[in-house]
Amino acid sequence: GWEAEQSLFGALDAAVASDRRRGFTHSGPHKADLLFTKRGKPVAEALSRGELKRLVVRLQLAIGSAIEGLTGERSIMLVDDLPAELDRSNREWALKLIVSAGCQTFITAIEMPDTSLLANARARMFHVEHGSITPAGGAF
C-alpha cells in the first residue's frame, strides 16, 4: 500500500497535498495487495467463482470483527452483487453470517433477491436506477 522504504506515516505525510486534491488517500493498508493461496496456487486459479465469493464474505466479516475488537465499534459492510456466483444454499449461508455479525450492511444485487432469506433480519430494500433511489417493497 506504500513504498517499502517508507513508513506508513511518512507515506501519508508526503502525500497530504495530492490526496486532498484527489479527494482520497492514495497510500495505506487499503491499497495493499494480498495474495491468498491454496496448495501453492493463487486462490483465483484454485477456487471456483462461488468459492472466491465465500472467501471474500469470510474476509470481510473477519476484518469487521477485528475492527470491532480493536475499537469497540462495528464497521459497515459493503457486499457487491451477493447473489452472483452463489446458489441458494450459499446465499443463505452468507446472509446468515452477515446478519449474525450485527453490522450495518449494504448489499447490491442485479436481480431481485429471494426476500424470504431476510425474513428475520431488520432489512430494507431500495431500487436504484439512473441516480434515483426509491423504496422497493419496504421492510422484510
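As the structure is a prediction and not an experimental result, all values here were calculated from the model.
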Which atom names give the shortest non-hydrogen contact between Met77 and Cys103, and what distance separates them? CB-SG, 3.9 Å
Hey, any chance Leu61 and Val79 share a hydrophobic cluster, counting ILVMFWY side chains that come within less than 4.5 Å of each other, even indirectly? yes
Taking CZ in Arg49 as the centre, count heavy atoms belonging to other residues, nucleotides or ligands within less than 6.0 Å. Is the count above 12? no
Supply the atom-to-atom distance Arg21 CZ to Asp19 CG, rounded to the nearest 0.5 angstrom. 9.0 Å
Interatomic distance, Leu47 atom CG to Lys53 atom NZ [nearest 0.5 angstrom]: 14.0 Å
Shared hydrophobic cluster, Ile63 / Leu34 (ILVMFWY, side-chain heavy atoms < 4.5 Å): no
Do Glu51 and Leu55 have side chains that get closer than 4.5 Å, going by heavy atoms? no
Considering all heavy atoms, the nearest Gly64-Ser75 contact: CA-OG, 3.5 Å
Counting only heavy atoms not in Arg22, do more than 12 fall under 6.0 Å of its CZ? yes
Main-chain N/O of Glu129 paired to Ser132 side chain as donor or acceptor, under 3.5 Å: no
Find the distance between CD (Glu85) and CG (Asn90) and round it off to the nearest 0.5 Å. 11.5 Å
Can you give each donor-acceptor pair under 3.5 Å made by side-chain atoms of residues 2-11, sequence neighbours left out, with the distance rounded to 0.1 Å?
unit_1	atom_1	unit_2	atom_2	d
Trp2	NE1	Gln6	O	3.1
Ser7	OG	Gly10	N	2.9

Rounded to the nearest 0.5 Å, what separation is found between the NE2 atom of His26 and the NZ atom of Lys31? 5.0 Å
Are any of the side-chain heavy atoms of Ile107 and Leu95 separated by less than 4.5 Å? yes
Asp87 CG to Arg91 CZ distance, which is reported to the nearest 0.5 Å: 7.0 Å
Over all heavy atoms of both residues, which pair between Thr25 and Ser27 is shortest? Give the atoms and the distance, please. CG2-O, 3.1 Å
Please tell me if the side chains of Arg54 and Leu86 come closer than 4.5 Å, counting only heavy atoms from C-beta onward. yes
Are Leu59 and Leu52 connected, step by step, through hydrophobic side chains (Ile, Leu, Val, Met, Phe, Trp, Tyr) whose heavy atoms are closer than 4.5 Å? yes
Distance-only donor-acceptor check, side chains Thr108 and Asp81, under 3.5 Å: no
Does one hydrophobic cluster hold both Val56 and Ile98, with members joined at side-chain heavy-atom distances below 4.5 Å? no
